[in-house]
Amino acid sequence: MPRSRRAARAQVGMAVSLVAGAGMTACAVLQQVARAQQDRHVLLRISYWTRDVPVPDRTGQWVRVVEDVLRQPSFGAHESWEAAQLACSLAQTAHPGGQLRPAGNDWG
């Protein structure tokens, strides 16, 4: 991989790490990055962020970020364990504590 491409990937990865520190406020930015990025290392950083969001704080936009990461072929092909963890996170979000989410709990 050319040096400039590695540097660009590292810069995007660093930006994701910084933005992720903003919690759920980062959701919109991370969703755009997840849709645009194919680099599995950047997607892996986004996946770490998604799993760090507490279940009660997860929104419909959070779900879309997870789905966008899981849709990237490079992520599923090289990070199968992490992809399975994200799928479990989706299930935990839909069924916290093994129960359905309460009625009126709109994911926006």
Side-chain angles (χ1 to χ4, degrees):
M1 177 183 315
R3 177 182 243 172
S4 61
R5 189 168 170 200
R6 279 185 298 197
R9 183 181 80 194
Q11 289 172 345
V12 171
M14 179 62 76
V16 165
S17 295
L18 291 171
V19 170
M24 282 300 294
T25 307
C27 218
V29 172
L30 293 177
Q31 185 177 11
Q32 289 176 352
V33 173
R35 286 181 177 169
Q37 274 295 318
Q38 301 260 334
D39 183 84
R40 68 184 175 102
H41 300 287
V42 172
L43 295 169
L44 189 59
R45 288 182 185 189
I46 295 172
S47 75
Y48 294 155
W49 170 82
T50 62
R51 290 191 19 230
D52 287 343
V53 173
V55 173
D57 295 344
R58 296 175 182 174
T59 64
Q61 191 170 33
W62 176 92
V63 170
R64 289 186 292 278
V65 171
V66 172
E67 290 172 341
D68 288 341
V69 170
L70 290 173
R71 278 190 193 106
Q72 296 294 343
S74 63
F75 187 76
H78 298 285
E79 301 294 343
S80 59
W81 186 86
E82 191 64 33
Q85 295 301 303
L86 283 182
C88 286
S89 293
L90 280 174
Q92 291 168 351
T93 303
H95 305 284
Q99 304 297 315
L100 289 175
R101 289 179 75 91
N105 189 332
D106 184 16
W107 283 355

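Positions are given from 1, in the same order as the sequence printed here.
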Starting at CZ of Arg45, measure out to CG of Leu30 and round the result to the nearest 0.5 Å.
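So the gap between those two atoms works out to 12.0 Å.
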Nearest 0.5 Å, what's the OG1-CG distance between Thr50 and Leu43?
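The CG atom of Leu43 is 10.5 Å from OG1 of Thr50, to the nearest 0.5 Å.
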Salt bridge (Lys or Arg N to Asp or Glu O under 4.0 Å) contacts in which one or both residues fall within residues 76-93, not counting sequence neighbours
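The answer is Arg40-Glu79, Arg51-Glu82.
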Examine distances only and state if a side-chain atom of Trp62 and a backbone atom of Cys27 form a donor-acceptor pair shorter than 3.5 Å.
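Pair absent, no side-chain N/O of Trp62 close to backbone of Cys27.
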Donor-acceptor contacts under 3.5 Å from residues 65-76 side chains, at least two apart:
| from | atom 1 | to | atom 2 | distance (Å) |
| --- | --- | --- | --- | --- |
| Asp68 | OD1 | Arg71 | NH1 | 2.8 |
| Asp68 | OD2 | Arg35 | NE | 2.9 |
| Gln72 | OE1 | Gln38 | NE2 | 3.1 |
| Gln72 | NE2 | Ala34 | O | 3.0 |
| Ser74 | OG | Gln38 | O | 2.4 |

Over all atoms of both residues, closest heavy-atom pair of Gln92 and Val55
O-CG1, 3.8 Å
